[in-house]
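Every number for a ligand or one of its atoms is a count from 1 in the order of the listing.
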Amino acid sequence: MTAAPDGLPPLAALDNARLDWRHDASGEAAPHSPAFDDVYFSRHDGRAETEHVFIAGNRLAERLGAWQAPRAFVIGETGFGTGLNMLCAWACFDAHAAPGARLHLVSTEKFPLDREDLARALASWPDLAERSERLVAQWPEPVAGVHRLWLDERVTLDLHFGDTAERLALLDGRVDAWFLDGFAPAKNPEMWHPALFQAMAARSRPGATFATFTCAGVVKRGLAAAGFTWHKAPGFGRKREMLCGEITEPPIDDRRRRTPWFTPPLPRPPRHVAVIGAGIAGASAAAALARRGIAVTLVDRHARTEFGTTHLQGALYVKLAADTNRQSRTYLAGLLHSRRWLAWLDPQQALWRACGVLQLAMNAKEQARQARFLANHSLPESVVRGLDAETASACAGIEIETPALDYPNAAWVKPVELCVRLAETPGIAFHRGEVTALRRQAIGWTLEMADGETLEADQVIVAGAAETATFPQTASLPLQPVRGQLSQLELPSGSPRLNRVVCAGGYAPPAADGILNFGATFGPGDTDADPRDADHDANVKEIERGLPHFVAALRDAGADLAPERLTALVGVRAASPDKSPYCGPVPDADAWRQAYAVLAKDATRIPETPGPHHPGLWVSTAHGSRGLASAPLCAELLASRICDEPLPLEQPLADHLHPGRRVIRDLIRAASGTVPNGRQHRQQRASE
Ligand code: SAM
């Protein structure tokens, strides 16, 4: 498969599996793949086969029962199919694991079932009905990439959609037990390739086991060449034999040779974490940690509840680049993640509404950009599609004069109420106060507060938007404050209604509680929190430009858009120079400049030294005005890294968010004048 311009597999829709339903020996209809001419499972004894081959073959009951480690037990699977194996593993975990244990499932799938087929296939197992329902409810769009699902409070599933070997090569995480599934090697020779076994070995923990139904020579040879030992075991039913085995010494992950600076710090799962900043970045990080059983102190100088009812609605949407790049992929992953996360967190939609978002193409340049985006990406129409002005008008419920990109599943969100809800997660203690300094101790950190008090924590996450860089340890992060003023109008009765969030220069969501939000202004470098009439005027001008018919109808209904009739909400957001968030461990920037000084002379001479970090110090910031799309994914990314779990994002995309990326980029930039052009391109890619 040819890679996209950013070196990753194409950002595209996957083909859903086409199933037919064949009657098996018991006369019952079981899912069958005409493309591979093989069955997913036998309805008669599929469940027993899974228990025999994968669960018993990996000694899961015994191992899960004995699991005491502070991290989650990780199961990796090739070929998710109907999910039967993973649901059985979850049931085994519930039956045997201690109350504090956690399970993390990672499974690849190149041809995902569609939701209806998935539900139909799983209906064969009534005693798995509740688990199946949760899986079906969160079933992701068929888009290549990582999709995280929260099966219950202790069990997480990461679906890596795409080719198994390709996806495992991008996985940042290691596995304790493998379910080596997939259609039979004779029917699916492309999957059972040496690259698959090598990728499995490289993503294994020492002592990781595997089990598979097949004893084919290609499998035995491939596993042995990759470093696994194997033995035959009695097979299930009519199959005489199957294979089990393990890998005691997995190979060292050599992907970091080109980017040693991004090597993560050694994991030390903490008992207590302080999170500074209770906005969407901090509150979602606190909730992600609390869900993993970690005590969290969430610190903010403001209590969220003090805002009262703000009627603030934010737009959950992203602006994707016409040509695929890592930033755009990360934002799309964030959008899909937030959408699933909101539905899981608040299925009643009290805090958000899945109304869809239209991004208008307001001029010829933007129309050409949107056309190029659509030509370059074959994403499912349920994710993003192009609309002409007429169809866009029908979707919005108001006349629109330009074509648009439509994100039918994007949403508006009440961010203040969402943060309050997240901060109420059991395990989070809210502490009102201002942190003035962070002091590293032999173990953990002391937070010095403005009132002279101190707080202690094992680790600290700083999520204070532009203020994140006020501590000496974080001062190297280039962050720009960006003032934004939003205008609110109380709608007179008889006002027209938008059905979708409409984004042009600013955004306007469908009114909630009779209040229309529109704006916001964009004031880089400006931190003034006072409302301005001039900003109201700018917001009115902008909404008139994008939605002239809507504004005319509002005026006809008696709305007055004079500044004195509008309410202002002012916020100061934070942006990085490259407009991607910072999420990850905080680099010791001076130590990086020393360790990698040679890059400034010759960027091809990459030292082996891993990047030195401030131990146990993390950031999530620079979410700009897209925090609803990026912050919840960053929260999972941080919590996964801190808890030594597989990441919910491909390794190159997690690197793209690394807070140290600018240090390396600046060093390489210094060198770029001194090297020939051809090499310069490669060097810049190394810092991505
Ligand atoms: N584990 C599944 C279950 O519990 O239902 C059954 C797996 S089914 C027999 C095989 C699965 O492997 C199919 O869903 C198929 O689409 C998937 N598959 C086949 N080739 C693949 C590849 N190269 N990469 C990823 N998935 C693949």
So is [X] polar-close to ligand 1, meaning N/O to N/O under 3.5 Å?
X    : result
G182 : no
L84  : yes
T108 : no
D163 : yes

Would you mind running through ligand 1 and noting each atom that sits below 4.0 Å from a heavy atom of G162?
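Selected atoms, number and element: 24 (N), 25 (C).
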List ligand 1 atoms under 4.0 Å from G83, heavy atoms only on the residue side.
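Checking each atom against G83, I get 3 (C), 4 (O), 5 (O).
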Any [X] heavy atom less than 4.0 Å from ligand 1:
X    : result
V39  : yes
E190 : no
E77  : yes
S107 : no

Could you walk me through whether H337 and W150 pass the ring-ring contact (aromatic ring centres under 6.0 Å, His included) check?
CA-CA 11 Å; H337 176 95; W150 300 269; 5.3 Å; yes
How close does the nearest protein non-hydrogen atom get to [atom], and which residue and atom is it?
atom                    : result
atom 4 (O) of ligand 1  : N85 N, 2.9 Å
atom 26 (N) of ligand 1 : K110 N, 3.2 Å
atom 18 (N) of ligand 1 : E109 OE2, 4.1 Å
atom 12 (O) of ligand 1 : G79 CA, 3.3 Å
atom 25 (C) of ligand 1 : T164 OG1, 3.0 Å
atom 21 (C) of ligand 1 : M191 SD, 3.7 Å
atom 6 (C) of ligand 1  : D181 OD2, 3.3 Å

For the ring pair F183 and Y40, is the centre-to-centre distance below 6.0 Å?
yes
What do we get for F80 next to ligand 1 when only non-hydrogen atoms under 4.0 Å count, side chain, backbone, both or neither?
backbone
Side chain to side chain donor-acceptor pair (under 3.5 Å) between E246 and T209, worked out
CA-CA 4 Å; E246 64 177 36; T209 59; over 6 Å; no
Pair S640, R292 - check side chain to side chain contact (heavy atoms under 4.5 Å, CB included), show working.
CA-CA 9 Å; S640 301; R292 288 161 171 84; 3.7 Å; yes
Kindly assign one of parallel, tilted or perpendicular to the pair [X] and [Y], based on the angle between their ring planes and the thresholds 30° and 60°.
X    : Y    : result
F54  : F213 : perpendicular
F161 : H147 : tilted
H52  : F236 : tilted

For W618, does the six-membered ring have the charged nitrogen or CZ of R641 within the cation-pi criterion, i.e. under 6.0 angstrom from the centroid and within 45° of the normal?
no
Is there a donor in the side chain of T108 and an acceptor in the side chain of H160, or the other way round, less than 3.5 Å apart?
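Their side chains do not contain a donor-acceptor pair, so the 3.5 Å distance test is not met.
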Judged by modelled atom types alone, do D6 and T324 share a side-chain donor-acceptor pair under 3.5 Å?
no
Side-chain donor/acceptor of E49 to backbone N/O of G235, under 3.5 Å:
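Judged by distance alone, no pair lies under 3.5 Å.
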Looking only at atom types and distance, does a side-chain atom of E109 sit under 3.5 Å from a main-chain N or O of F111, one as donor and one as acceptor?
yes
Minimum non-hydrogen distance to atom 19 (C) of ligand 1, winning option of N188, D15, T82
N188
